[in-house]
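Nothing here was measured: the structure is a model prediction, and the numbers come from that model. In what follows, residues are counted from 1 in the order of the sequence shown.
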Amino acid sequence: MIKIDLYDAKNDETAHYEKTHIEFGMFKKIAKFNKEVNRKEAEASLMRQKFNQGILTSEEEAKYVNMMAGSEIEDIEAMEKLIVELFNHPKVTTKSIESGLDLSKGMETLQGILNDAMGGIKADADHPAKK
């Protein structure tokens with residue numbers, strides 16, 4: 001099960017949304033998202049090591065600067081889109097997520113939703129009745 005609480009400033013209320021059934025097909029989308037984030041982190045780590053050693057080529061330097069400048073924003077936007085797709089609810093949109101989550105807990109909330117979705121899929125797949 002996944003759930004999210006989104007604050008609506010117009011009504012000064014927090015709405016609770018949850019979804020008890022996560023389609024198995026979402027596993028692939030979440031896994032692809034996680035794979036891409038991990039790939040970017042590994043690539044950045046390698047580039048950082050080469051940067052610290054002073055052995056980046058000019059091409060790698062440009063790629064490293066570009067990578068460091070925008071990857072976090074791209075990852076957040078991709079995560080928001082994935083969560084909107086997971087909930088498949090007309091009131092859970094990228095706009096409602098961006099305005100309805102508190103800055104201090106936004107990333108933690110989004111990551112928790114993805115973890116819960118993956119856990120739900122894994123728990124369902126590991127259920128004794130399926131073995």
### Ile55, CD1: over 12 other non-hydrogen atoms inside 6.0 angstrom
yes
### Query
So do the side chains of Lys19 and Met1 get within less than 4.5 Å of each other, counting heavy atoms only?
no
Side-chain donor-acceptor distances from residues 80-92 under 3.5 Å, at least two apart:
unit_1, atom_1, unit_2, atom_2, d
Glu85, OE2, Lys29, NZ, 2.2
His89, ND1, Lys91, N, 3.0

### Query
Side-chain heavy atoms under 4.5 angstrom apart, residues restricted to Ile, Leu, Val, Met, Phe, Trp, Tyr: same cluster for Met107 and Val37?
yes
### Query
Is it true that atom CD of Glu72 has more than 12 heavy atoms of other residues, nucleotides or ligands lying nearer than 6.0 Å?
no
### Query
Are Glu108 and Lys105 within salt-bridge range, i.e. N to O under 4.0 Å?
no
### Message
Any heavy-atom pair between the side chains of Glu61 and Met47 that's under 4.5 Å?
### Response
no
### Task
Please check if atom OH in Tyr64 has more than 12 non-hydrogen atoms from other residues, nucleotides or ligands closer than 6.0 Å.
yes
## Note on the structure
Distance col, row Gln49:CD vs Leu56:CG, nearest 0.5 angstrom, shows 11.0 Å
### Task
For Tyr17 and Asp5, run side-chain hydrogen bond (donor to acceptor under 3.5 Å, both in side chains): C-alpha distance rounded to whole Å, both residues' side-chain angles, the deciding distance at 0.1 Å, then the answer.
CA-CA 6 Å; Tyr17 303 97; Asp5 294 321; over 6 Å; no
### Query
How many angstroms lie between atom CD of Glu36 and atom CD of Glu74, to the nearest 0.5 angstrom?
9.0 Å
### Query
Taking C-beta and beyond as the side chain, do Ile4 and Leu101 meet within less than 4.5 Å on heavy atoms?
yes
### Query
What is the distance from atom CD of Glu13 to atom CG of Leu6, rounded to the nearest 0.5 Å?
13.0 Å
#### Entry: From Glu60 atom CD to Thr57 atom OG1, the distance as rounded to the nearest 0.5 Å
3.5 Å
#### Entry: Under 3.5 Å side-chain donor-acceptor pair for His16 and Glu18
yes
### Message
As an exercise, state the distance from CD1 of Ile2 to NE2 of His21, rounded to the nearest 0.5 Å.
### Response
11.0 Å
### Task
Would you confirm whether Glu43, through its side chain, and Lys40, through its main-chain N or O, come within 3.5 Å as a donor-acceptor pair?
no
### Message
Taking Ala62's backbone N and O only, do any of them form a donor-acceptor pair with Asn66's side chain (distance below 3.5 Å, no angle check)?
### Response
no
### Query
Taking only residues two or more places apart in sequence, or in another chain, which ones meet Thr109 in a side-chain hydrogen bond (donor to acceptor under 3.5 Å, both in side chains)?
none
### Contact check, side chains of Asp116 and Ile22, non-hydrogen atoms, under 4.5 Å
no
### Query
Any donor and acceptor pair, going by atom type alone, linking the side chain of Asp8 with main-chain N or O of Lys10 inside 3.5 Å?
yes
### Task
Measure the spacing between CE of Met26 and CG of Leu114 and express it to the nearest 0.5 Å.
8.5 Å
